[in-house]
Amino acid sequence: MVTNTVRTQVGIIGAGPAGLMLSHLLHGAGIDSIVIENRSREEVEQTIRAGILENGTVELLTETGASDRVLAEGHRHDGVEFRFGGEGHRIDFADLVGRAVWLYPQHEVLKDLIATRLRDGGDIRFGVTASRVAEADTDAPRIIGTDADGAPLEIVADFVIGADGSRSVAREAVTGSSTGGYFREYPFAWFGILCEAPPSAPELIYSASEHGFALISQRSDTVQRMYLQCDPEMDPNSMSDAEIWDSLQLRTGGGLIEGPIFQRDVLRFRSFVAHQLRHGRVFLVGDAAHTVPPTGAKGLNLAVADVRLLYQALQEFYSAGSTTGLDEFPERALKRIWRAQHFSWWMTSMLHSAPDASDFDERRRRGELESVVSSRAGRQYLAEAYTGWPFESDGPAS
């Protein structure tokens with residue numbers, strides 16, 4: 001079959017938050033891009049995902065015209081509650097750092113970004129599968145794959161961006177391996193449910209009890225998302241609805257509003273950072289570059305932070321011919337990535353009981369929780385990290 005070859009300035013693999021946001025920002029600077037995605041538009045928009053948006057992420061969405069709905073339909077949270085030892089302790093973001101987070105699911109962010117790009121004439125190609133990235137060391141790297149009809153497709157670009165998630169095709173062109181990176185897997189997971197019920201609390205509840213960890217979150221006024229710490233090999237259908245609610249009530253101290261459960265899944269915990277974020281003119285962003293445990297709500301926000309830095313570097317290249325920003329991108333991005341990795345690990349280890357934890361480990365963990373909530377400095381650190389470090393704090397690479 002004849003290969004269809006197309007040319008653009010920036011070829012982006014993946015129509016997730018990172019790929020779509022980068023395409024949107026580039027459009028505002030007059031830089032052309034093509035975004036390819038192996039799923040259909042319906043699959044992208046209908047896959048329900050969590051969504052706690054940092055202050056800076058919301059500002060970027062709204063100030064660049066990517067989303068109006070995030071403020072109209074999202075729920076602003078000015079704090080979270082930590083529960084342990086039978087008591088609740090609220091971390092007041094507004095008081096501690098003057099910032100907030102927004103509950104706005106990721107699939108809603110994707111709906112907004114897709115609609116915005118299509119409104120602006122963006123080139124998003126759904127059902128297109130990338131098989132590899134070639135010639136990363138040249139000034140014309142290529143994305144090689146097949147289009148929605150299975151015909152050969154080649155996208156030649158000035159730059160190729162791998163925003164194609166944790167199973168990234170682009171990663172091999174950057175690191176030399178599809179799995180090349182620093183990796184950690186955790187000995188526990190989250191058993192998550194979606195249920196039809198009104199919210200049980202106005203903000204998220206992180207509950208660490210002797211019966212195990214639980215997280216009470218929300219999706220809307222009628223749908224709620226809740227999690228139980230579990231074994232990574234747990235069968236999602238091994239518990240009855242009654243057993244699930246009994247365990248959630250026990251771990252949180254009761255008071256939850258129950259309702260019909262219509263979705264169950266097990267979410268494994270992994271930490272990953274690619275060995276490299278750039279090779280030649282191919283870059284990695286988002287989950288292609290890193291993954292974090294969900295405890296610190298950093299996944300989507302870290303992807304947006306990557307994109308903001310890379311966009312600035314690409315804009316500098318096209319407007320002034322400078323490669324300084326591109327050369328500094330990996331080091332600058334990694335500063336924030338490793339801070340987020342630490343915060344996510346810290347939240348996870350502080351709130352969850354490891355399977356092999358000793359009595360000492362459990363009492364030390366309780367002491368850590370007490371230290372955080374009883375100290376304004378401790379609460380302030382948590383609030384600063386949870387709501388998102390100001391972008392300016394990344395600073396130029398030294």
Side-chain angles (χ1 to χ4, degrees), residues 10 12 14-31 33 35 37 41 44-78 93-94 97-122 124 161 163 165 203-204 217-220 285-290 292 294 296-315 333 336-337 340 384-394:
V10 181
I12 301 171
L20 291 170
M21 177 57 82
L22 179 59
S23 180
H24 169 65
L25 294 174
L26 292 172
H27 170 76
I31 302 168
S33 67
V35 180
E37 170 59 51
R41 179 179 178 179
V44 172
E45 294 184 339
Q46 293 174 13
T47 301
I48 298 177
R49 299 284 297 275
I52 291 292
L53 305 185
E54 294 176 357
N55 212 107
T57 299
V58 172
E59 289 174 353
L60 193 64
L61 285 167
T62 55
E63 291 174 3
T64 64
S67 174
D68 294 324
R69 291 198 306 137
V70 64
L71 296 181
E73 300 179 23
H75 296 273
R76 176 182 171 128
H77 287 189
D78 288 311
F93 299 155
V97 293
R99 293 163 71 83
V101 296
W102 274 258
L103 181 71
Y104 192 65
Q106 179 172 309
H107 60 281
E108 299 296 342
V109 175
L110 293 175
K111 288 178 184 178
D112 294 343
L113 286 169
I114 290 171
T116 299
R117 290 303 298 122
L118 295 180
R119 179 201 67 197
D120 294 340
I124 308 175
I161 313 302
E203 297 169 340
L204 272 66
S217 183
Q218 305 87 22
R219 284 296 173 270
S220 69
V285 294
D287 284 359
H290 46 72
V292 292
K298 285 285 162 278
L300 183 155
N301 297 291
L302 201 52
V304 169
D306 292 345
V307 163
R308 175 185 168 276
L309 287 175
L310 186 55
Y311 159 68
Q312 290 175 340
L314 289 168
Q315 183 187 39
R336 194 180 192 98
I337 288 167
E384 179 187 48
Y386 198 95
T387 59
W389 303 283
F391 287 125
E392 292 74 18
S393 68
D394 292 328

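The residues of the chain are indexed from 1 along the displayed sequence.
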Heavy atoms only: give me the nearest [X]-[Y] pair and the separation to one decimal.
X	Y	result
Glu37	Ala15	OE1-N, 2.8 Å
Trp389	Ala385	CZ2-CB, 3.6 Å
Ala303	Ala18	CB-CB, 4.0 Å
Asp306	Ala333	OD1-CB, 4.2 Å
Arg336	Pro390	NH1-O, 3.7 Å
Ser33	Ser23	OG-OG, 2.8 Å

Treating [X] as the side-chain partner and [Y] as the backbone partner, does any N or O pair qualify as donor plus acceptor under 3.5 Å?
X	Y	answer
Arg99	Gly388	yes
Glu45	Leu110	no
Arg117	His27	no
Thr47	Val44	no

Practice item. Apply side-chain contact (heavy atoms from CB on, under 4.5 Å) to Thr64 and Thr116, showing your working. Key: CA-CA 10 Å; Thr64 64; Thr116 299; over 6 Å; no
With side chains defined as the heavy atoms from C-beta onward, is the minimum distance between [X] and [Y] less than 4.5 Å?
X	Y	value
Phe391	Leu309	no
Glu73	Asp112	no
Val307	Ile161	no

**Study point:** side-chain contact (heavy atoms from CB on, under 4.5 Å) between Leu22 and Val35, worked out
**Key:** CA-CA 10 Å; Leu22 179 59; Val35 180; over 6 Å; no
I need the [X] [atom1] to [Y] [atom2] distance, nearest 0.5 Å.
X	Y	atom1	atom2	value
Leu103	Ile52	CG	CD1	4.5 Å
Leu300	Thr57	CG	OG1	6.5 Å
Gln106	Lys111	CD	NZ	12.5 Å
Leu53	His77	CG	NE2	11.0 Å
His75	Tyr104	NE2	OH	10.5 Å
Leu26	His24	CG	NE2	10.5 Å

Practice item. Please assess Tyr311 against Leu60 for the test side-chain contact (heavy atoms from CB on, under 4.5 Å), listing each intermediate value before the final yes or no. Key: CA-CA 12 Å; Tyr311 159 68; Leu60 193 64; over 6 Å; no
Point to revise | Test log, rule side-chain contact (heavy atoms from CB on, under 4.5 Å), inputs Val109 and Val70 | key: CA-CA 8 Å; Val109 175; Val70 64; over 6 Å; no
Check your understanding: Is it the case that Asn55 and Thr387 place a side-chain donor and acceptor less than 3.5 Å from each other?
Key -> no
Check your understanding: In this structure, are over 12 heavy atoms from other groups packed under 6.0 Å from Asp120 atom CG?
Key -> yes
Exercise for review: Would you check, one step at a time, whether the test salt bridge (charged side-chain N to carboxylate O under 4.0 Å, His left out) holds for Lys298 with Glu54?
Suggested key: CA-CA 8 Å; Lys298 285 285 162 278; Glu54 294 176 357; 2.9 Å; yes
